[in-house]
Undergrad: 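Shown below is the structure under consideration.
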Amino acid sequence: MTESWDREVDVLVVGTGAAGMTAAIAAADGGQRTLIVESTGKWGGTTALSGGGLWMPTHPAMAELGLEDSVDKALTYMAAAIGDAGPASSPERRRAFVETVPEVYRFLERLGVRWAVAKDYPDYYPDRPGGMVGRGIEAEPFDARRLDDRFATFRGRDSIPAPLKTDDVWLLSRAWSTPSGFVRGARFVFRTLGGLIRGKRLYGIGGGLTANLMAILMRQGVEVLLETPLRELVIDAAGGVTGAVVAGPDGRTIRIRAARGVVLAAGGFARNAEWRQRHHGVAGYSSAAEGDLGEPIRIAEAIGAQLSLMDDAWWGLSVPMPDGGSQFVLSERSMPFSVIVDSAGDRYMNESASYIDVGHAMLERHTSVPAIPSWLIVDARHRRRYLFNAFMQGTKKLRAAGTVRSADTIEELAAVLGMEPSRLRATVDRFNGFARAGVDSDFGRGRTAYDNYYGDPRVKPNPNLGPLEKGPFTAVQLVPGDLGTKGGLLTDADARVLDTGGTPIPGLYAAGNTTASVMGRTYPGPGSTIAPAVVFGYRAARHAAARTGTATGGSATDQA
């Protein structure tokens with residue numbers, strides 16, 4: 001029987017984050033008729049709300065900085081940082097990722113992306129074999145006026161509408177306390193004002209990256225359908241995917257043939273409360289976009305796709321906000337004059353570790369001792385010197401909700417938090433001893449270049465340690481936040497979705513948080529979510545384009 005189709009294309013992409021847009025760009029650049037569908041009314045996905053960095057070992061700009069990297073060095077580091085995380089992070093997938101980085105870098109650069117290197121940002125485990133500084137890159141700020149009418153549906157408008165860059169975040173956090181922070185703050189202000197004077201609407205970080213990618217798609221003439229969620233994958237008698245059924249904005253069902261393949265790149269399931277409880281055991285305080293519901297993962301699983309790493313996420317710590325949202329915490333917990341304690345007032349982590357490690361630490365602690373929520377306690381110097389993002393939205397509502405609490409002494413603060421005063425006092429006294437000595441004998445805070453990145457170099461002898469001595473003391477509630485989920489469809493080195501027997505499903509590809517991460521259960525460096533999303537989105541499109549068949553006749557088959 002001949003299938004009846006409403007639309008026929010070569011490559012259908014589901015999702016408009018970095019993975020989906022890169023896949024569509026690569027397909028269109030290869031001459032494939034390409035269509036993108038997006039379930040929500042805004043394009044850009046979680047990428048548009050993110051820091052926008054890409055961890056790209058061996059990227060070509062390293063040579064300009066006098067840095068030396070290699071495939072073997074990067075793979076050595078990944079092995080040391082990730083360990084054995086199962087098939088999602090197989091040696092083949094790791095090598096495919098690293099070896100494709102230079103190709104993707106030059107490909108997007110050729111099409112108009114201007115790259116910048118976060119030259120001071122270290123790998124998250126820089127002391128492990130193969131670790132180094134300089135593997136993180138980002139797109140230069142982009143003038144969103146060039147998006148024309150697509151600006152109205154740009155998800156980046158929900159983020160920071162300014163030409164912010166990765167190293168700005170690092171230095172602006174101490175703009176009032178160090179000369180380097182003040183200088184960077186001034187540069188950021190002048191960059192912002194300069195754009196306004198020139199009539200530009202500059203967006204940086206994740207907004208800048210997604211705006212760059214959308215501008216390329218516009219030049220390519222790729223159609224993007226918003227409010228068009230995936231409803232079903234169409235398979236042939238042999239079990240291969242030949243197309244998809246989507247729902248249009250008016251609710252009308254649209255059957256789309258995709259002769260060369262369907263690429264699922266619609267994020268994970270961070271906003272699916274039922275799945276979060278089932279797989280993670282927590283409600284989830286996510287920074288992901290609201291469309292991150294996992295529906296494409298469910299639909300692919302229904303036709304036999306294999307899942308992996310569903311119990312993990314790109315964890316971090318967040319402040320629960322009165323409006324029901326959450327504010328991710330990064331530099332605030334790493335700066336000196338601060339400590340994190342559980343519900344009893346005991347310290348249990350290196351507060352300056354990478355966000356996924358502190359997230360895992362909270363979840364692990366909570367299995368034996370109530371640690372959700374925990375409390376970040378800071379003294380008056382921390383409040384005065386360092387940027388605290390959650391406070392920028394106003395502290396009055398936070399205090400009314402009990403999320404922020406203060407007292408003049410540690411003992412009084414303990415009483416406010418329902419802790420035994422002598423216990424919290426003992427925790428702070430022990431920590432203060434480490435701060436004065438400059439060595440954290442319990443958890444090693446301030447030991448690595450990554451820890452120091454979010455520290456205050458004026459504080460000696462350790463830029464991440466400062467004693468809590470100056471009242472009033474402020475406690476901020478922390479919960480297990482995340483940047484998205486880590487688990488999803490299991491894919492191979494070419495981003496082909498694998499079935500439960502480990503065999504590729506013909507015509508079905510996936511990338512980004514829709515898939516189980518090549519980074520396993522950890523976070524090797526800045527941008528370890530977006531970089532593989534872009535690389536495997538690119539590899540998916542290239543592999544799909546090489547499949548035989550046309551959009552107007554015959555069936556697509558995988559080439560040997």
Side-chain angles (χ1 to χ4, degrees), residues 16-18 21-22 25 42-56 59-61 64-65 104-121 134-173 175 180-219 287 289 328 330-331 387 389 392 526-527 529-531 533-534:
T16 58
M21 287 200 281
T22 303
I25 289 168
K42 297 178 181 179
W43 59 267
T46 298
T47 308
L49 305 175
S50 74
L54 299 87
W55 187 69
M56 299 283 259
H59 66 77
E64 301 171 14
L65 299 177
V104 172
Y105 180 103
R106 293 189 179 99
F107 169 71
L108 292 175
E109 185 177 53
R110 171 173 64 82
L111 294 176
V113 176
R114 293 171 52 234
W115 295 116
V117 179
K119 62 183 180 62
D120 296 312
Y121 212 155
R135 285 171 168 154
I137 67 171
E138 63 187 321
E140 289 281 4
F142 185 85
D143 182 7
R145 290 196 316 164
R146 295 163 57 187
L147 298 173
D148 298 328
D149 59 350
R150 291 195 185 181
F151 179 72
T153 52
F154 175 35
R155 187 171 297 282
R157 296 178 65 183
D158 299 334
S159 185
I160 301 172
L164 191 65
K165 299 177 71 172
T166 297
D167 280 345
D168 292 332
V169 177
W170 160 48
L171 289 166
L172 286 174
S173 62
S180 59
F182 178 80
V183 170
R184 180 54 66 96
R187 287 172 58 187
F188 172 67
V189 169
F190 285 127
R191 188 190 313 142
T192 304
L193 292 176
L196 293 172
I197 291 170
R198 297 193 305 274
K200 294 184 176 182
R201 186 180 284 157
L202 295 175
Y203 279 78
I205 54 174
L209 174 62
T210 49
N212 264 279
L213 298 178
M214 180 55 75
I216 296 171
L217 290 168
M218 292 169 65
R219 291 195 299 272
S287 298
F328 205 68
L330 187 54
S331 63
L387 184 69
N389 287 321
M392 295 178 69
T529 54
I530 300 176
V534 165

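Small disclaimer: the values here were computed from a predicted structure and weren't measured.
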Undergrad: Where do N212 and G112 come nearest, in terms of heavy atoms and distance?
TA: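 In this case the closest contact between N212 and G112 is OD1-O, 4.0 Å.
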
Undergrad: Between the main-chain N or O of A289 and the side-chain N or O of T46, is there a donor-acceptor pair closer than 3.5 Å?
TA: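 At least one qualifying donor-acceptor pair exists.
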
Undergrad: May I ask you to test the L54-L209 pair for a side-chain heavy-atom distance under 4.5 Å?
TA: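 L54 reaches L209 side chain to side chain.
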
Undergrad: Can you find a pair of side-chain heavy atoms, one from S50 and one from T529, that are under 4.5 Å apart?
TA: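 Heavy-atom side-chain distance check fails, nothing below 4.5 Å.
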
Undergrad: M21 versus I216: any side-chain heavy-atom pair under 4.5 Å?
TA: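 No; the side chains remain at least 4.5 Å from each other.
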
Undergrad: For R155 and G45, work out which heavy atoms get closest and say how close.
TA: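 Looking at all heavy atoms of both residues, the closest pair is CD-O, 3.2 Å.
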
Undergrad: Can you name the residues that form a side chain to side chain contact (heavy atoms under 4.5 Å, CB included) with A211, not counting sequence neighbours?
TA: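 Expected list: F142, L147, F154.
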
Undergrad: Would you say that I25 contacts F107 through its side chain, given a criterion of any heavy-atom pair below 4.5 Å between the two side chains?
TA: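 The answer is yes, as the side chains (C-beta and beyond) meet within the 4.5 Å cut-off.
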
Undergrad: Verify side chain to side chain contact (heavy atoms under 4.5 Å, CB included) between V534 and L108, making sure each step is shown before the conclusion.
TA: CA-CA 10 Å; V534 165; L108 292 175; 4.1 Å; yes

Undergrad: Checking T16 now: which residues fulfil side-chain hydrogen bond (donor to acceptor under 3.5 Å, both in side chains) with it, not counting sequence neighbours?
TA: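 For T16, the residues satisfying side-chain hydrogen bond (donor to acceptor under 3.5 Å, both in side chains) (neighbours in sequence not counted) are E38.
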
Undergrad: Main chain of L202, side chain of D143: is a donor-acceptor contact present, judged purely on distance under 3.5 Å?
TA: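 Pair absent, no side-chain N/O of D143 close to backbone of L202.
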
Undergrad: OG1 of T210 to CG of L49: how many Å apart, nearest 0.5 Å?
TA: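 Output value for this atom pair is 8.5 Å.
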
Undergrad: Please answer whether the main-chain N or O of G207 pairs with a side-chain N or O of S159 as donor and acceptor at a distance below 3.5 Å.
TA: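 No; zero donor-acceptor contacts below 3.5 Å.
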
Undergrad: Is it the case that more than 12 heavy atoms not belonging to R219 sit under 6.0 Å from its CZ atom?
TA: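 Check passes, neighbour count above 12.
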
Undergrad: Atom NZ in K119, atom CD in E64: separation rounded to 0.5 Å?
TA: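 One finds 13.5 Å between NZ of K119 and CD of E64.
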
Undergrad: Do the side chains of D148 and M218 get nearer than 4.5 Å, heavy atoms only?
TA: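 Yes - at least one pair of side-chain heavy atoms lies under 4.5 Å apart.
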
Undergrad: Nearest 0.5 Å please: distance from the CH2 atom of W43 over to the CZ atom of R150.
TA: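 Between atom CH2 of W43 and atom CZ of R150 there are 8.5 Å.
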
Undergrad: Looking at residues at least two apart in the chain, or sitting in another chain, which of them share a salt bridge (Lys or Arg N to Asp or Glu O under 4.0 Å) with E140?
TA: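 Checked E140 against salt bridge (Lys or Arg N to Asp or Glu O under 4.0 Å); matches are K165.
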
Undergrad: Quick check: do W115 and H59 have side-chain heavy atoms less than 4.5 Å from each other?
TA: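 SC-SC contact between W115 and H59 ruled out.
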
Undergrad: Once you round to the nearest 0.5 Å, how far does CZ of R135 lie from CE of M56?
TA: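 So the CZ of R135 and the CE of M56 are separated by 13.0 Å.
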
